[in-house]
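Report on one structure; see the data block that follows.
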Amino acid sequence: VTFLQKLPKAELHAHLNGSIPLSLLQTLASEYLSQASHDSYSSLNESIKSSLTQLSQPGGPTLTEIYDFFNLFPAIYTITSTPDAVRRVTNAVLQIFLDGETPQCTYLELRTTPRASDSMTREAYLRVVLEVVESYPASQVGLIVSLDRKMAQEALEDCLAAVIKLRSEKRRIVGIDLCGYPTSGDLEMFRPYFAQAKKLGLGLTVHIAETTDNTAEDTRQLLSFNPDRLGHATFLNEEAISIVLEKKMCVEICLSSNLLCKTVSNLEFHHISQYLRSNHPIAICTDDILPFRTSLLGEYALLLAPAPYGLGLTEDQVRRVGELSLASSFRERAPGNH
Ligand code: 5GP
């Protein structure tokens with residue numbers, strides 16, 4: 001473990017609300033459920049209890065397919081919808097990755113989807129997250145603002161307006177992400193917003209080809225936005241792979257996430273192999289440590305472990321992977337750096 005602990009590396013694909021420590025989630029749920037104003041037998045409360053039971057299983061929730069995963073978030077969102085909860089969650093997640101005796105990484109790029117609630121606008125949500133992010137040096141953390149494929153145009157407008165305002169105040173937003181239910185949404189609607197984000201100097205990363213239901217057209221459209229990095233990229237066709245290789249788009253690789261969501265059946269068949277062979281930029285990432293019960297050190301351990309448990313790479317090869325992750329970060333895009 002010492003080699004992996006010391007290894008310089010960047011975590012570039014970690015979703016805030018998918019990375020909440022279970023104990024904090026349980027505390028937030030019991031606080032929410034004990035509020036006198038809530039009817040304890042409402043269907044909403046029952047769904048919170050059911051999602052919490054699944055998330056609390058010793059090995060994490062059992063997922064039959066990737067789509068099951070997205071059903072866990074409505075409950076998480078209900079109990080993290082106040083500024084106080086968002087602050088506590090962000091603090092806890094940054095501590096896991098960066099503090100203590102075994103920091104997981106040298107640099108963390110945390111991502112989150114701005115959410116409006118009764119007590120917060122999307123801009124206020126981002127301000128709470130940024131306040132915690134900026135309590136660490138810029139060399140250690142940056143924030144990526146996620147846009148959800150399901151967002152309506154008004155929500156997109158609202159997010160972009162907040163990003164523009166916060167960047168003008170030199171707040172530490174370094175990139176934009178496209179995430180959410182893999183087959184939903186009208187991608188063309190996102191084009192002007194991504195173009196605007198690029199003009200602001202932000203990096204762009206998109207979740208792409210995560211499932212076999214993602215069409216070649218979906219992939220082509222996402223690549224036409226000219227992203228700097230790609231999330232998952234599990235089911236790229238030959239045409240897409242040649243674009244990715246030619247443009248040297250970094251692929252964010254989440255091994256445990258892919259195995260547990262059953263989009264990859266075995267590490268032996270994981271698409272990481274083709275990128276390792278061609279020395280293509282990749283970053284090893286956790287995705288969502290809450291449901292996947294992993295850590296960045298755990299993901300790197302999978303690189304070192306011999307087959308069939310891991311990929312059997314040498315320490316030199318793993319060192320190179322760490323370097324590639326740092327080289328692909330959006331750190332330089334923090335305000336004041338360009
Ligand atoms: P948040 O953005 O609320 O901090 O983190 C949770 C959100 O990230 C989820 O609601 C979902 O939209 C997105 N997300 C987390 N993991 C994945 C993933 O593996 N694939 C996709 N497409 N979206 C994800």
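Indexing begins at 1, ligand by ligand and atom by atom, following the structure's order. One is the number of the first residue; the rest follow in order along the sequence. None of the values given here were measured: they were computed from a predicted structure.
Exactly one of Leu259, Leu63, Thr286 qualifies for a side chain to side chain contact (heavy atoms under 4.5 Å, CB included) with Phe292. That residue is Leu63.
The nearest protein atom to atom 9 (C) of ligand 1, hydrogens excluded, is given as Tyr77 OH, 3.6 Å; this is a heavy-atom distance. At the top of the distance list for atom 19 (O) of ligand 1, counting protein heavy atoms only, stands Asp287 OD2, 2.9 Å. Ranking protein heavy atoms by distance to atom 2 (O) of ligand 1, first place goes to Thr113 OG1, 2.5 Å. Regarding atom 14 (N) of ligand 1, its nearest protein heavy-atom neighbour is His15 CE1, 3.4 Å. Looking from atom 4 (O) of ligand 1 to the surrounding protein, the closest heavy atom is Thr112 OG1, 2.6 Å. The shortest contact between atom 12 (O) of ligand 1 and any protein heavy atom is with Gly180 CA, 3.3 Å. Among all non-hydrogen protein atoms, the one lying nearest atom 18 (C) of ligand 1 is Glu210 OE2, 3.6 Å. Counting protein heavy atoms only, atom 21 (C) of ligand 1 is closest to His207 CD2, 3.3 Å.
In this structure, Arg191 forms no cation-pi arrangement with Phe225, as its terminal cationic atom is not both closer than 6.0 Å to the ring centre and no more than 45° off the ring axis. With a 6.0 Å cutoff to the six-membered ring centre and a 45° limit on the axis angle, Arg319 does not count as a cation-pi contact of Phe3.
Under the 30°/60° scheme for interplanar angles, the aromatic rings of Phe194 and Phe190 are found to lie parallel.
Proximity to Leu16 (heavy-atom distance under 4.0 Å) selects the following atoms of ligand 1: 4 (O). In the vicinity of Asp288, heavy-atom distances shorter than 4.0 Å reach the ligand 1 atoms 15 (C), 16 (N), 17 (C). Taking every heavy atom of Asn17 and a limit of under 4.0 angstrom, the matching atoms of ligand 1 come to 1 (P), 3 (O), 4 (O), 5 (O). Against a heavy-atom cut-off of under 4.0 Å, Asp148 is close to the following atoms of ligand 1: 12 (O).
A donor-acceptor contact closer than 3.5 angstrom links the side chains of Asp287 and His13. For the residue pair Asn214/Thr211, the side-chain donor-acceptor check at 3.5 Å is satisfied.
When non-hydrogen atoms are compared, ligand 1 lies under 4.0 Å from the side chain of Phe70 (C-beta onward) but not from its backbone. Neither the backbone nor the side chain of Arg115 comes within contact range of ligand 1; no heavy atom lies under 4.0 Å.
Shown here is Tyr309, whose OH atom has no more than 12 heavy atoms of other residues, nucleotides or ligands within 6.0 Å. The number of heavy-atom neighbours closer than 6.0 Å to NZ of Lys247, taken from other residues, nucleotides and ligands shown, is 12 or below.
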Would His271 and His232 count as a ring pair (Phe, Tyr, Trp, His ring centres under 6.0 Å) here? Give the steps.
CA-CA 9 Å; His271 49 293; His232 300 293; 8.2 Å; no
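Note that the CZ atom of Arg115 and the OG1 atom of Thr121 stand 13.0 Å from one another [nearest 0.5 Å].
Residue contact annotation: Tyr181 has no non-hydrogen atom under 4.0 Å from ligand 1.
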